[in-house]
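Take a look at the structure set out below.
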Amino acid sequence: MYLPATTSVLRTLVDDGRLAGPHTAFAVTPGLREFYAVSDAGADVEELEYAALLTAARASLRLIDVDPTAARRRVVVAADVPDSAVSDVENPDADRGAVRVTADLALRDVASAHIDGADAEDDVRAAVGVVLEADLGSEEAQFAVDQAEGHELAWYATQEIGAVVELM
């Protein structure tokens, strides 16, 4: 699953070794598969996982909006959790691939972290201020969000996360 986060959340994960559940995250769900079966019938599992990661990155913008202490960088935590702790979000207005994770997330369950580089901060800052407007259909706001989403997230292995957090 892909957990949208902020640099503050990532610091808590590193410092405490866990994030208390429940969590809203993103995964390859039947609804996500169904959407891509129509729009991109050839999408494989890796492409579907990437779509879930990008949806989590957009959700990270919303979290940054309410966390004034977080660096203006999108953060997504990729983790393995038991299927028994995950359920689909049954809301037609929820983003595709949204899931509810009832379990705590332990640092040992994290596979990697995906974080914007410093070069994305200005675009992320602009997107954070208008992401809700973009969600509601504003084309101008969507342009700002697209600028932020145009930055590739850097990949960090679990053992690198603590050092990356210290550098922010």
Side-chain angles (χ1 to χ4, degrees), residues 1-13 19 22-79 86-101 105 110 112-156 161 164-165 167-168:
M1 64 100 190
Y2 297 94
L3 179 71
T6 66
T7 55
S8 302
V9 169
L10 199 56
R11 181 171 302 284
T12 298
L13 177 61
L19 295 172
H23 306 281
T24 298
F26 298 88
V28 178
T29 63
L32 186 71
R33 287 180 190 276
E34 182 180 308
F35 174 77
Y36 279 94
V38 172
S39 65
D40 184 4
D44 63 16
V45 173
E46 278 188 22
E47 290 169 308
L48 295 172
E49 288 175 347
Y50 188 65
L53 169 77
L54 293 179
T55 306
R58 184 175 184 126
S60 176
L61 290 172
R62 297 180 197 116
L63 295 175
I64 295 166
D65 186 38
V66 296
D67 184 352
T69 64
R72 291 342 205 194
R73 297 185 190 195
R74 297 169 300 156
V75 176
V76 176
V77 176
V86 180
S87 60
D88 287 352
V89 171
E90 299 293 334
N91 180 339
D93 296 325
D95 290 321
R96 286 179 191 85
V99 295
R100 194 74 175 148
V101 180
L105 176 64
V110 172
S112 59
H114 305 263
I115 308 167
D116 272 318
D119 62 323
E121 285 185 354
D122 289 341
D123 288 334
V124 169
R125 184 175 293 105
V128 163
V130 298
V131 67
L132 296 179
E133 292 172 45
D135 290 344
L136 295 172
S138 166
E139 289 183 24
E140 187 175 315
Q142 184 60 49
F143 180 79
V145 171
D146 288 344
Q147 292 297 102
E149 291 177 341
H151 293 273
E152 286 293 324
L153 297 169
W155 178 92
Y156 296 94
I161 296 172
V164 170
V165 168
L167 293 173
M168 287 190 219

Residue pairs involving residues 146-155 (criterion salt bridge (charged side-chain N to carboxylate O under 4.0 Å, His left out); sequence neighbours excluded): Arg58-Glu149
Heavy-atom pair of closest approach, residues Thr7 and Ala71: OG1-N, 2.8 Å
Nearest-0.5 Å distance that lies between atom CG in Leu153 and atom OH in Tyr50: 7.0 Å
4.5 Å side-chain heavy-atom contact, Val75 and His114: no
Spatial distance of atom CH2 (Trp155) from atom CG (Leu53) [nearest 0.5 Å]: 13.0 Å
Rounded distance (nearest 0.5 Å) linking atom NE2 of His151 with atom CG of Asp123: 3.5 Å
Reported CD-to-CE distance for the pair Glu49 and Met1, which is rounded to 0.5 angstrom: 13.0 Å
Heavy-atom pair of closest approach, residues Ala134 and Val145: CB-CG2, 3.8 Å
Spatial distance of atom CD1 (Ile64) from atom OG1 (Thr69) [nearest 0.5 Å]: 11.0 Å
Side-chain H-bond candidate by donor/acceptor type, Thr29 with Asp88, under 3.5 Å: no
Minimum heavy-atom distance Ala25-Leu3, with the two atoms named: CB-CA, 4.1 Å
Test salt bridge (Lys or Arg N to Asp or Glu O under 4.0 Å) applied to Asp116 and Arg73, Arg74, Arg72, the passing residue: Arg74
Closest contact, heavy atoms only, Ala94 versus Val89: CB-CG1, 3.8 Å
Results of side chain to side chain donor-acceptor pair (under 3.5 Å) for Arg96 - residues two or more places apart only: none
Residues Asp122, Arg125: salt bridge by 4.0 Å N-O rule: yes
Polar side-chain atom of Ser60 near backbone of Ala56 as donor-acceptor pair, under 3.5 Å: no
Side chains of Asp95 and Thr55, donor plus acceptor under 3.5 Å: no
Atom of Pro4, atom of Leu63 and distance for their closest heavy-atom approach: O-CD1, 3.4 Å
CD1 on Ile115 to CE on Met168, rounded to 0.5 Å: 4.0 Å
Taking every non-hydrogen atom, the tightest pair across Ala144 and Ala126: CB-O, 4.4 Å
Test side chain to side chain contact (heavy atoms under 4.5 Å, CB included) applied to Val101 and Val86, step by step: CA-CA 5 Å; Val101 180; Val86 180; 4.2 Å; yes
